[in-house]
Protein chains: 2
Amino acid sequence: MIFSAKLDYAIKALIELARNFESRRLVNLNEICDNQNIPSQFLLQIMSRLKNGGIVESIRGVSGGYILTRYPSKISLKDVILAAEPSVLKNTKQAANKKSSSDIVIENICNQGNEKLIEFFENISLEELLSKTIEKNNITYSI
Amino acid sequence: MIFSAKLDYAIKALIELARNFESRRLVNLNEICDNQNIPSQFLLQIMSRLKNGGIVESIRGVSGGYILTRYPSKISLKDVILAAEPSVLKNTKQAANKKSSSDIVIENICNQGNEKLIEFFENISLEELLSKTIEKNNITYSI
DNA sequence: CTAATACCTTACCTTCCTTATCAGGTTAGA
DNA sequence: TCTAACCTGATAAGGAAGGTAAGGTATTAG
């Protein structure tokens, strides 16, 4: 299991927003892209999904930007995945219109696997991710 | 999470072999493909992986075929996945040669997610899958 | 020893998804 | 009214997944 670029970028962008949430500062797209090394036009599309998913709010115009809609502790990785790339956690397969018994068994396994992942991602918050990046930075710079 | 066709076919083929394991009967490719509706040339490649992974044994020549190398109860879904499509359970990403702190945090999350999946798949045996398909068949035919 | 059967291997093709990029549009502050 | 910044839809380019083809090797029947 590897996160797609889309999901990877979404998480990085949200870490940036989480970092600036305490001061309620709007962060604009280019700032995020510069800090996290993300192609801006691509992130734009991703931010649109995060907005539709109710995770970020966007303000247009000069001095506009993005901000989280709620505390980083209230945003789980599950929320992020469902907004940015719902297919990761869904079993959207409906191969034949006539499912065999093995089709059904396999489908059930997939669903159970998804449940495990959802459960796992549900318990990871943006706050936690942010605090871990800060730790990592400290370690890096304190050599 | 959806299993790829490769993995789907691998599991179906192994269910067929599990069904015939008690009688130690060799099952040939076309029989599997007919029963499970799988393109034969494609399954051939998959069987080759399963063979290299030590899950099946192949016998060439007239009246040849495939057979499991051990009891269906001793083959886990994790074994199957590692043989047929190892990438599913591995975090092979090594994007930049210079990883940022968020790269590392995300990588760790992926690894932990993989652990959860491995743990889950490790506890599902071919025997279990076979018994469930039989149950399903019974339900289907007993209407 | 020859023919038939069935597995083996590599290479190739085609289609679709992901990852972008582009262009034109809308909103809002100075 | 000009400019910064978000919005939206269309359009490439690349690679991976699913599937096909062709030639090869091993085993057994006769």
Side-chain angles (χ1 to χ4, degrees), chain A residues 1-13 16-17 20 25-34 36-53 55-69 81 84-88 90 92-93 95-96, chain B residues 1-13 16-17 25-34 36-53 55-69 81 83-88 90 92-93 95-96:
Chain A
M1 182 195 61
I2 304 169
F3 287 168
S4 66
K6 202 181 291 175
L7 195 46
D8 184 86
Y9 294 159
I11 295 171
K12 286 175 178 171
E16 284 296 307
L17 296 188
N20 288 281
R25 190 170 77 82
L26 290 179
V27 184
N28 75 42
L29 197 78
N30 286 325
E31 186 180 343
I32 300 174
C33 291
D34 289 348
Q36 295 285 349
N37 201 32
I38 303 174
S40 63
Q41 290 296 312
F42 192 25
L43 184 59
L44 197 49
Q45 296 172 13
I46 298 167
M47 294 312 287
S48 170
R49 287 165 176 263
L50 295 178
K51 185 188 170 189
N52 291 331
I55 293 177
V56 306
E57 188 182 343
S58 68
I59 310 295
R60 285 180 158 193
V62 178
S63 76
Y66 297 93
I67 189 169
L68 298 180
T69 56
I81 295 174
E85 188 134 33
S87 64
V88 175
K90 276 180 188 164
T92 50
K93 191 164 194 169
Chain B
M1 182 194 60
I2 304 169
F3 287 166
S4 65
K6 204 181 288 175
L7 196 46
D8 183 85
Y9 294 158
I11 295 170
K12 286 175 179 171
E16 284 295 306
L17 296 188
R25 189 170 79 82
L26 291 179
V27 185
N28 76 40
L29 197 78
N30 287 325
E31 186 180 342
I32 300 175
C33 291
D34 290 347
Q36 296 283 349
N37 200 31
I38 303 174
S40 63
Q41 288 297 311
F42 193 26
L43 183 59
L44 197 50
Q45 296 173 12
I46 297 166
M47 294 312 287
S48 170
R49 286 166 177 263
L50 296 177
K51 185 188 170 188
N52 291 332
I55 293 178
V56 306
E57 190 182 342
S58 68
I59 311 294
R60 284 179 158 194
V62 178
S63 74
Y66 298 94
I67 190 169
L68 299 180
T69 55
I81 296 173
E85 189 132 32
S87 63
V88 175
K90 276 179 189 163
T92 50
K93 192 163 194 171

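Residue numbers begin at 1 in each chain, while the letters A, B, ... track the order of the sequences.
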Query raised in the report: Side-chain contact, heavy-atom cut-off 4.5 Å: A:S63 with A:L26?
Result: no
**Report entry** Gap between atoms CD and C1', on A:E57 and D:dC7 respectively (whole Å)
**Finding:** 16 Å
Query raised in the report: Atom CD1 of A:I67 to atom P of D:dA5: distance rounded to whole Å?
Result: 16 Å
**Report entry** Whole-Å gap separating P (D:dG19) and CD1 (B:I46)
**Finding:** 9 Å
Query raised in the report: Relative to the 5' end of DNA chain C, which residue comes earlier, A:F42 or A:G61, by the nucleotide with the nearest heavy atom?
Result: A:F42
Report task. Report the residue (B:Q45 or B:E85) whose heavy-atom-nearest nucleotide on DNA chain D is the more 5′ of the two. Result -> B:E85
Report task. Take the protein atom CG of A:L29 and the nucleotide atom C1' of D:dA5, then report the distance between them rounded to whole Å. Result -> 9 Å
Query raised in the report: Where does the chain A footprint on DNA chain C start and end, counting 5' to 3' with a 4.0 Å heavy-atom cut-off?
Result: C:dT19 to C:dG29
Query raised in the report: Looking only at heavy atoms, what is the nearest atom pair of B:Y9 and B:L43, with distance?
Result: O-CD1, 4.2 Å
Report task. Could you check if a side-chain atom of A:L17 sits within less than 4.5 angstrom of a side-chain atom of A:I32, using non-hydrogen atoms only? Result -> yes
Query raised in the report: Is any side-chain nitrogen or oxygen of A:Y66 closer than 4.0 Å to OP1 or OP2 of D:dC7?
Result: yes
Requested in this report: Could you list the residues that satisfy salt bridge (charged side-chain N to carboxylate O under 4.0 Å, His left out) with A:E16, not counting sequence neighbours?
Outcome: A:R19
Query raised in the report: Say you draw a straight line from OG1 of B:T69 to CD1 of B:I55; how long is it, rounded to the nearest 0.5 Å?
Result: 7.0 Å
Requested in this report: Measure from the side-chain heavy atoms of A:K51 and tell me the nearest of D:dA21, D:dA5, D:dC7.
Outcome: D:dC7
Query raised in the report: Given atom CD of A:Q41 and atom P of D:dA13, what is their separation to the nearest angstrom?
Result: 17 Å
Report task. Just call it for B:L44: base, sugar-phosphate, or nothing, with non-hydrogen atoms closer than 4.0 Å on any strand. Result -> base
Report summary line: Across all chains, not counting sequence neighbours, the salt bridge (charged side-chain N to carboxylate O under 4.0 Å, His left out) partners of B:R60 are none
**Report entry** Protein-nucleotide distance (A:N30, atom CG; D:dA4, atom C1'), rounded to Å
**Finding:** 10 Å
**Report entry** SG on B:C33 to CG on B:N37, rounded to 0.5 Å
**Finding:** 9.0 Å
Query raised in the report: Where the side chain of B:S4 is defined as all heavy atoms beyond and including C-beta, which of D:dG18, D:dA26, D:dC6 is the nearest nucleotide?
Result: D:dG18
Report summary line: Of D:dT3, D:dT8, D:dG18, the nucleotide closest to the side chain of A:V62 is D:dT3
